[in-house]
Amino acid sequence: MCAALPTQSNDFPAWYGDVVRRAGLAEHAPVRGAMVIKPYGFAIWEAIQRELDDRIKATGHENFYLPLFVPMSVLAQEGDLVEGFAPEVAVVTEAGGKKLDEPLAVRPTSEAVIWSTYARWVQSYRDLPLLYNQWANAVRWELRPRLFLRTSEFLWQEGHTAHETEEEAVAETLTILHDVYADTLENVLAIPVLRGRKSESERFPGAVDTYTLEALMRDGKALQTATSHYLGQGFARAFGVRYTGRDGSDQYPYATSWGATTRLVGGVVMAHGDDRGLRLPPRVAPHQVVIVPIVRQDDRAAVLEAAGAIAEDLRAAGVRVRVDDRPDHRAGFKFNEWELKGVPLRIEIGGRDLAAGTVTVARRDTG
RNA sequence: CGGGGAGUGGCGCAGUCUGGUAGCGCACCCGGCUGGGGGCCGGGCGGUCGCAGGUUCAAAUCCUGUCUCCCCGACCA
């Protein structure tokens, strides 16, 4: 195993890349800007996903799923959207060995497919609101990719809602910002955020207002961790989503969209990590406690049994525990490895502890 | 797109200036000793040096072209 990491103060980008790779979160894939998310990294994402999904559902939304491909003609129906995403859209021009009659965009975001679908779903004010979310991947050919923070393909959730009134849509935008995103960031990921509104030039293409959460990373830079857009009636008009209102007249619904991505994993790394590696918030740590049995040949069985018993007790209490009984590594190696991987709490138990009826406990966060 | 850097066993690198047919650390495999902070000893497996041309008796090394990746900036979740 290699020696120490680059330090944050010397070279933060090198530190970041090294931690992501050596902690087993992700690695580069053969395609430019694409990444392989490894099991340990994906487990963190799954935990974040669960927390976000619970809150999305608690605020009244349902999940659905729409296709990866968007016909170019559909994407083009909303002018700002095509224009805004044109530089980073990947397009499929050939399939089944033939040139396609119409090129297909790989979704950079799903407003277009979704609103062309909503056109069929909204006929009356009685059909509103539509409060839907999807967990999906999206592709944006960004100029400068970075693991988790900006990858060509990323995973996210994107919510797309339709409302009868502007007030209701704006309220939705803010509910998501506060009750879903800020709550997850602060209370699950332990990352304080500033809630803000984007300037006109930074707004999502086609949006009336874009709200954002900005979080401070340990290199002193801010990271945009989630966005919630109030879209007004632009998308409804562009995609012909009209319904009969309470007074019998034609109306356009008001829209919102909002998203949070795998970037959040990178945010956790950069907001909490130190020169020894990751420090994971317990709520999203794949292993909240690791037990390292310290064994010799003569006390191996007894120590492992004691370690197993502690693990069972903790599991019964709802704690995610890993007993590191790998015989091929010594204790010191494991200490370093689990610190690199950011496990919040380590319990060491050996022959001496057994005799004394104690264990040794080390917290990762106080390093 | 502008500015840097780099492509050599799985990973990280040296060798390139001063051509002579590949080396180191880690990892991996086998054996033994060890076992409370990244153990030690011995023995192994594994690469023709991004790609394509060219020069030469001989190219990782020189020449030409080309592709890719990483970092910084602008753009972005």
Side-chain angles (χ1 to χ4, degrees), chain A residues 1-6 11-18 20-22 24 27-35 48 52 84-89 107-109 136-158 181 185 198 201-205 210-215 219 221-229 257-267 276-277 292-300 303 325-340 346-356 358-360 362 367:
Chain A
M1 177 57 72
C2 342
L5 294 162
D11 191 343
F12 199 89
W15 169 87
Y16 177 81
D18 231 40
V20 167
R21 188 155 28 84
R22 284 170 57 181
E27 57 192 36
H28 292 285
V31 174
R32 173 182 175 278
M35 68 173 167
I48 295 173
L52 285 172
F85 283 103
E88 42 196 79
V89 173
R107 64 180 161 219
T109 180
N137 55 350
V139 169
R140 295 182 191 175
W141 224 252
E142 299 285 356
L143 295 179
R144 195 157 77 75
R146 266 188 95 185
L147 290 173
F148 286 112
L149 302 173
R150 203 187 305 97
T151 46
S152 311
E153 176 188 357
F154 56 90
L155 306 183
W156 71 343
Q157 61 64 217
E158 48 177 328
Y181 295 149
L185 263 291
K198 289 289 198 183
S201 64
E202 294 176 313
R203 263 179 220 148
F204 178 81
T210 287
Y211 295 88
T212 173
L213 295 184
E214 301 282 342
D219 59 354
K221 294 182 181 169
L223 182 73
Q224 183 178 306
T225 50
T227 46
S228 185
H229 316 288
S257 73
W258 25 278
T261 76
T262 30
R263 170 180 284 182
L264 289 175
V265 177
R276 305 185 70 95
V292 179
I294 297 157
V295 301
R296 290 186 316 238
Q297 277 166 14
D298 56 340
D299 62 13
R300 180 178 191 83
V303 171
D325 57 0
R326 290 175 297 172
D328 308 322
H329 295 290
R330 312 181 129 212
F333 177 92
K334 295 177 181 177
F335 297 163
N336 282 288
E337 179 169 283
W338 291 118
E339 280 166 12
L340 173 65
R346 180 178 72 238
I347 296 176
E348 307 165 17
I349 177 164
R352 295 210 291 266
D353 295 295
L354 226 51
T358 63
V359 295
T360 303

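Per chain, numbering begins at 1; letters A, B, ... match sequence-line order. These values consider heavy atoms only, across backbone and side chains, with no hydrogens, waters or symmetry-generated copies.
The CE atom of A:Met35 sits 6.5 Å away from atom CG of A:Leu147, with the distance rounded to the nearest 0.5 Å. A:Gln224 CD to A:Lys198 NZ: the interatomic distance, rounded to the nearest 0.5 Å, is 3.5 Å. The CZ atom of A:Phe204 sits 8.0 Å away from atom OG1 of A:Thr227, with the distance rounded to the nearest 0.5 Å.
Applying the Watson-Crick and G-U wobble criteria (two distances, each under 3.5 Å), B:C40 pairs with B:G32. Nucleotide B:C11 is matched to B:G25 when pairs are restricted to Watson-Crick or G-U wobble geometry with both distances under 3.5 angstrom. B:U55 is unpaired under the criterion used here, namely a Watson-Crick or G-U wobble arrangement in which both key atom distances are under 3.5 Å. Nucleotide B:A77: unpaired (no Watson-Crick or G-U wobble partner with both distances less than 3.5 Å). With a cut-off of 3.5 Å on both Watson-Crick or G-U wobble distances, the partner of B:G2 is given as B:C72. The base-pairing partner of B:U18, taking Watson-Crick or G-U wobble contacts with both distances under 3.5 Å, does not exist among the strands shown.
Of the two residues contacting RNA chain B, namely A:Glu153 and A:Ala14, the nearest-nucleotide position lying further toward the 5' end is that of A:Ala14.
Not a single donor-acceptor pair, N or O on each side, falls under 3.5 Å between the base of B:G37 and the side chain of A:Glu337. Side chain A:Arg346 to base B:G37: a donor-acceptor pair is found below 3.5 Å. For B:C76, the base has a donor-acceptor partner in the side chain of A:Arg150 [N/O atoms by modelled type, under 3.5 angstrom].
Put simply, the side chain of A:Tyr211 never gets that close to the backbone of A:Ala226: no donor and acceptor are under 3.5 Å apart.
With rounding to whole Å, A:Leu147 atom CG is found 8 Å from B:C70 atom P. Atom pair A:Leu340:CG and B:G37:P shows a separation of 18 Å (rounding to whole Å applied). Following rounding to the nearest Å, A:Glu142 (CD) and B:C76 (P) show an atom-to-atom distance of 9 Å. In this entry the distance linking CG of A:Leu52 with P of B:A77 reads 17 Å, nearest Å. For the pair A:Phe154 CZ and B:C76 C1', the computed distance is 9 Å after rounding to whole Å. The OH-C1' distance, from A:Tyr181 to B:A77, rounds to 10 Å in whole Å. In this structure, A:Trp141 atom CH2 and B:A74 atom P are separated by 23 Å, rounded to whole Å. Separating the CG atom of A:Asp328 from the C1' atom of B:C40 is a distance of 16 Å, rounded to the nearest angstrom.
When the nucleotides B:A77, B:G38, B:G36 are ranked by their closest atom to the side chain of A:Ala331, B:G36 comes out on top. Distances from the side chain of A:Glu88 to the nucleotides B:C76, B:G36, B:A77 place B:C76 closest. Taking every side-chain heavy atom of A:Arg21 into account, B:G12 is the closest of B:A77, B:G37, B:G12. Distances were taken from every side-chain heavy atom of A:Thr261 (C-beta onward) to each of B:C71, B:G37, B:A77; the shortest belongs to B:A77.
Within the nucleic acid shown, A:Thr262 has no heavy atom closer than 4.0 Å to any nucleic acid atom. Across all strands, A:Ser228 comes closer than 4.0 Å to no nucleic acid atom at all (heavy-atom distances). Counting any heavy atom pair closer than 4.0 Å across all strands shown, A:Arg300 reaches no nucleic acid atom. Among the atoms of the strands shown, base atoms are found under 4.0 Å from some heavy atom of A:Glu348. Looking at heavy-atom distances under 4.0 Å, A:Pro145 makes contact with sugar-phosphate atoms alone, never a base. Contact annotation for A:Asp11: no contact, since no heavy-atom pair falls under 4.0 Å across all strands. Within the nucleic acid shown, A:Gly351 comes within 4.0 Å of at least one base atom, counting heavy atoms only. Backbone-only engagement by A:Arg146 is indicated by non-hydrogen atom pairs under 4.0 Å involving sugar-phosphate atoms exclusively. Residue-level contact check: A:Gln157 touches neither bases nor backbone, having no heavy atom under 4.0 Å from any strand. Residue contacts shown for A:Gly350 include a base, since a base heavy atom lies under 4.0 Å away.
Between the P atoms of B:G9 and B:C33, the separation comes to 36 Å (whole Å). Taking the C1' atoms as reference points, B:G44 lies 23 Å from B:C49, given to the whole Å. With both ends at atom P, the span from B:U68 to B:G15 equals 27 Å, rounded to whole Å.
Shortest non-hydrogen contact noted between A:Arg300 and A:Asp325 is NH2-O, 4.1 Å. Between A:Asp353 and A:Glu348 the shortest heavy-atom distance is OD2-O, 3.7 Å.
Note on A:Lys221: a side-chain N or O is less than 4.0 Å away from OP1 or OP2 of B:G73. Of the side-chain N and O atoms in A:Arg330, one or more sit less than 4.0 angstrom from OP1 or OP2 of B:G36. Contact between the side-chain N/O atoms of A:Arg144 and the OP1/OP2 oxygens of B:C75 is not found at any separation under 4.0 Å. A sub-4.0 Å separation between OP1 or OP2 of B:C69 and a side-chain N or O of A:His28 is absent.
Ring geometry, A:His329 versus A:Phe333: the interplanar angle falls under 30°, so the pair is classed parallel (tilted spans 30 to 60°).
In summary, A:Arg296 and A:Asp298 engage in a salt bridge, as defined by a charged side-chain N under 4.0 Å from a carboxylate O.
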